[in-house]
Amino acid sequence: ERMAPGMGPSLPLVGLMAALVTPDQGFISRRYRSSIVRWKVGKFSVETGLKKKIRGRSVEKYPCVRCMGEDNKWNGRKWASMNSLWSELFVEELSRLGVKHICIGPGSRSTPLTIAAAENINVTTSVHYDERSLGFYALGLAKGYNSPVAIVTTSGTAVPNLLPAVVEAYQDYVPLVVVSADRPAELLDCGANQAIYQTGMFSDFTVLSKDIPCPTSEIPPEFLLSTVDYVVSKAKSSRRPTHINFHFREPLSPPIDLSSTTFQHHLPSDTYLNSLQSWINSEKPLTSYVGAPIGGLSPNIVEQILERKTRAGNGRILLIAGNIDTQTDASSILSLARHWNVPLYTDICSQLRFIEDKSVNLVSDSDPESIQLAKDPNTLVIQFGDRFVSKSLATALSVGRPSIVQINPTLDRQDPMHLVELRVQADIAQACMSLAPSASLNSDVIHCVDEEVKSKDELACLESEASLVQWVCSKTSKESIIYLGNSMPIRYADRLATRCSRSPALVAASRGASGIDGLLSAALGIQKSTGKHVILLIGDLSLLHDIGALKLAKGHDISIILLNNDGGIIFQKLPVFQQKHVFKEFFQAPHGFSSFKNAAEQFGLQYQKLDSLHKLEKLQARLNLGSFTSGSLGPALFELHAPQ
């Protein structure tokens with residue numbers, strides 16, 4: 001009935017079961033048991049099928065092709081309404097711009113956008129009922145894809161539920177395209193149901209916000225397409241969120257019978273798309289934006305940095321690798337440190353913490369040399385990437401106030417101590433090459449040692465959160481991703497994680513605003529977009545904040561390692577801990593859940609309580625897995641209930 005996976009384009013016609021067969025814009029289509037089968041008449045060209053949900057029914061989009069020339073889905077088609085036409089144009093333009101994943105929060109006002117996304121074979125969709133969780137899931141997807149992801153929501157409070165994720169994305173340079181549906185102007189500020197002012201809702205946390213009026217044939221389609229192009233280009237170029245707000249009048253859902261007189265006045269004219277023939281016959285967006293790429297350092301900047309290096313002299317130079325996204329950048333920094341023969345401080349999110357290279361002096365908080373250099377006012381510090389986690393290093397720099405040069409792809413101020421003397425916008429890898437042109441700068445220089453560094457006694461992992469985090473970092477396969485939760489997990493890892501061969505190639509975290517909400521959702525998004533096994537180290541309050549995201553976990557290869565200490569134990573490290581009369585109730589805020597087993601079982605996750613070496617061995621078996629069929633592991637929750 002359908003083409004077998006892997007079969008080539010010269011297939012003969014497949015057999016048909018009895019069904020209604022009709023032309024569909026250059027395709028032959030067949031609906032059978034709520035499924036759609038499409039193939040092009042003539043020569044075959046096979047594409048991967050996508051499983052989706054359309055109007056509440058399971059729909060499997062089988063291998064199909066785009067038609068050539070004028071025979072396509074745009075010409076000669078009857079549209080249910082201008083809402084439907086604009087929504088389909090919008091989703092099609094998103095796909096042409098490289099937005100291949102759309103996250104959808106179910107709702108009524110966004111019906112045209114949802115149907116358009118569900119029926120477009122060029123985009124993948126994810127659906128979740130909780131918009132706050134959905135926003136963070138999209139953020140994780142965008143991190144993994146390294147490209148924008150769109151989020152569609154209905155009107156009203158659904159939209160501001162995205163604010164925490166938008167804030168994190170803005171602070172962490174993650175491109176999102178927020179698409180909100182809205183009431184028409186005549187229903188705003190008059191007491192209409194679920195109608196609030198949504199334009200500019202995200203204020204300073206989007207780089208661009210656009211309002212789209214109610215679809216009408218009086219506005220040419222070029223307006224819509226060029227606006228989409230502008231919004232997505234801003235998200236790409238700034239690597240930050242944008243917002244587009246669609247106003248829709250009813251009818252929102254297309255009618256079954258287009259000949260119904262009730263809907264005749266909503267139908268677009270047959271000539272509405274005539275001006276778009278060039279766009280229709282291509283696969284390119286209406287307007288392509290091409291910006292100048294960020295390059296290396298100019299000769300003048302190179303000279304300034306080398307002069308500072310000479311003044312500092314040998315033994316007084318410290319390189320810092322902060323939050324680094326790519327291995328190419330990380331390996332380039334490593335090569336520069338080797339070429340200059342200077343110490344390199346590696347943040348837990350630098351992608352360099354777990355590697356061992358005998359030719360480079362790699363340091364962290366556990367090495368006194370880095371702190372001493374930071375305290376020396378005559379030291380030259382060159383920092384690459386975003387800010388680092390270590391409070392000890394930040395304190396030492398504040399005390400010593402050395403000369404600091406910061407090199408980053410953006411000119412944004414990543415300087416909470418206000419000590420940077422020279423901030424340079426440049427591609428990190430090319431900047432390293434400019435500073436050491438004769439060094440070998442490539443992504444192959446990162447090598448792990450063959451022998452595994454011994455972790456603490458495994459019994460200690462059953463009694464101490466810190467020991468468990470260190471143990472997990474030393475046991476995880478290098479093909480996996482560790483996603484470090486905020487609060488204590490990332491601090492434990494930054495302080496204790498050691499260099500070893502079994503560590504992951506990538507460490508990820510939500511360090512934009514460093515909140516404890518949406519961490520599970522973001523980790524699930526990363527897993528979905530990369531296909532890698534994700535190990536999430538998360539605290540109990542963080543999981544409670546995002547407990548509904550366990551519904552999203554089905555089909556994701558994720559190991560959730562929960563550190564359950566019954567509340568906000570991190571506050572014990574602050575002076576307020578001495579205020580015993582208020583600390584427990586108002587700061588620790590114990591939740592009283594000694595086990596999350598019921599939550600795991602309710603959402604279909606495997607569950608293990610880490611209370612014996614046997615259970616620890618089961619966790620290690622998952623951590624050791626480097627290659628597997630995607631989706632074969634599934635989600636699992638491992639819980640440590642350790643003394644405070």
Side-chain angles (χ1 to χ4, degrees), residues 296-297 302 305-306 308-310 312-374 376 379-386 388-390 392-393 396-397 402 404-408 426-454 473-474 478 493-507:
L297 304 178
V302 171
I305 294 175
L306 293 181
R308 293 167 185 259
K309 178 176 179 285
T310 301
N314 293 331
R316 287 182 174 174
I317 299 171
L318 175 64
L319 302 185
I320 297 176
N323 192 338
I324 303 294
D325 290 331
T326 70
Q327 280 196 342
T328 299
D329 288 347
S331 59
S332 299
I333 299 168
L334 187 70
S335 293
L336 178 62
R338 181 188 300 110
H339 185 75
W340 279 8
N341 192 26
V342 297
L344 170 59
Y345 181 95
T346 55
D347 179 73
I348 189 63
C349 294
S350 67
Q351 317 312 328
L352 292 169
R353 171 57 68 85
F354 299 113
I355 66 107
E356 182 70 63
D357 190 324
K358 300 297 185 182
S359 65
V360 183
N361 183 13
L362 298 169
V363 297
S364 59
D365 274 1
S366 59
D367 303 289
E369 180 181 5
S370 61
I371 303 301
Q372 290 304 317
L373 278 172
D376 188 341
T379 296
L380 169 63
V381 175
I382 302 179
Q383 179 185 339
F384 297 93
D386 294 336
F388 46 82
V389 173
S390 172
S392 299
L393 179 60
L397 290 171
I404 300 179
V405 175
Q406 191 176 77
I407 299 175
N408 220 9
D427 177 84
I428 290 176
Q430 294 187 47
C432 291
M433 188 174 294
S434 300
L435 293 170
S438 62
S440 172
L441 302 179
N442 59 71
S443 59
D444 297 328
V445 300
I446 292 187
H447 299 292
C448 292
V449 292
D450 293 326
E451 56 277 0
E452 183 177 329
V453 175
K454 295 290 185 182
C473 290
S474 72
K478 63 183 180 181
D494 190 55
R495 192 178 75 221
L496 299 172
T498 52
R499 308 187 187 284
C500 60
S501 61
R502 301 192 59 84
S503 297
L506 178 66
V507 175

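Just so you know, these numbers come straight off a predicted model, no measurement behind them.
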How close do [X] and [Y] get, heavy atom to heavy atom, and via which atoms?
{"X": "Ala337", "Y": "Val360", "value": "CB-CG1, 3.8 Å"}
{"X": "Ala431", "Y": "Ala426", "value": "CB-CB, 4.2 Å"}
{"X": "Ala321", "Y": "Leu344", "value": "N-CD1, 4.0 Å"}
{"X": "Ile324", "Y": "Ser350", "value": "CB-O, 3.6 Å"}
{"X": "Ser359", "Y": "Arg338", "value": "OG-NE, 2.8 Å"}
{"X": "Ala312", "Y": "Ile317", "value": "CB-CG1, 4.3 Å"}

What's the separation between atom [atom1] in [X] and atom [atom2] in [Y], rounded to the nearest 0.5 Å?
{"X": "Ile407", "Y": "Leu336", "atom1": "CD1", "atom2": "CG", "result": "8.0 Å"}
{"X": "Arg308", "Y": "Leu306", "atom1": "CZ", "atom2": "CG", "result": "11.5 Å"}
{"X": "Leu297", "Y": "Gln430", "atom1": "CG", "atom2": "CD", "result": "9.0 Å"}
{"X": "Ser474", "Y": "Phe354", "atom1": "OG", "atom2": "CZ", "result": "9.0 Å"}
{"X": "Gln372", "Y": "Leu318", "atom1": "CD", "atom2": "CG", "result": "12.0 Å"}
{"X": "Thr310", "Y": "Ile305", "atom1": "OG1", "atom2": "CD1", "result": "12.0 Å"}

Next on the checklist: Test salt bridge (Lys or Arg N to Asp or Glu O under 4.0 Å) on Arg353 and Asp347; report intermediate values, then the result.
Outcome noted: CA-CA 6 Å; Arg353 171 57 68 85; Asp347 179 73; 5.8 Å; no

Any side-chain heavy-atom pair of [X] and [Y] under 4.5 Å:
{"X": "Tyr345", "Y": "Leu393", "answer": "yes"}
{"X": "Leu380", "Y": "Val405", "answer": "yes"}
{"X": "Lys309", "Y": "Trp340", "answer": "yes"}
{"X": "Gln383", "Y": "Phe388", "answer": "yes"}
{"X": "Pro343", "Y": "Leu373", "answer": "yes"}

Does a donor on one side chain sit under 3.5 Å from an acceptor on the other, for [X] and [Y]?
{"X": "Arg316", "Y": "Thr379", "answer": "no"}
{"X": "Ser366", "Y": "Ser364", "answer": "yes"}
{"X": "Ser390", "Y": "Asp365", "answer": "yes"}

Next on the checklist: Under a 3.5 Å distance rule, please check whether Asp367 uses its side chain to pair with a backbone N or O of Ser370 as donor and acceptor.
Outcome noted: no

Checklist entry - Passes side-chain contact (heavy atoms from CB on, under 4.5 Å), Leu362 versus Ile355? Steps please. => result CA-CA 9 Å; Leu362 298 169; Ile355 66 107; 3.6 Å; yes

Next on the checklist: Using the rule side chain to side chain contact (heavy atoms under 4.5 Å, CB included), only one of Thr328, Asp325, Ile333 pairs with Ile428; which is it?
Outcome noted: Ile333

Item to check | Member of Val507, Asp357, Leu334 meeting the side chain to side chain contact (heavy atoms under 4.5 Å, CB included) criterion with Leu352 | outcome: Leu334

Item to check | Check against side-chain hydrogen bond (donor to acceptor under 3.5 Å, both in side chains), Glu369 and Asn361 | outcome: CA-CA 10 Å; Glu369 180 181 5; Asn361 183 13; 3.0 Å; yes

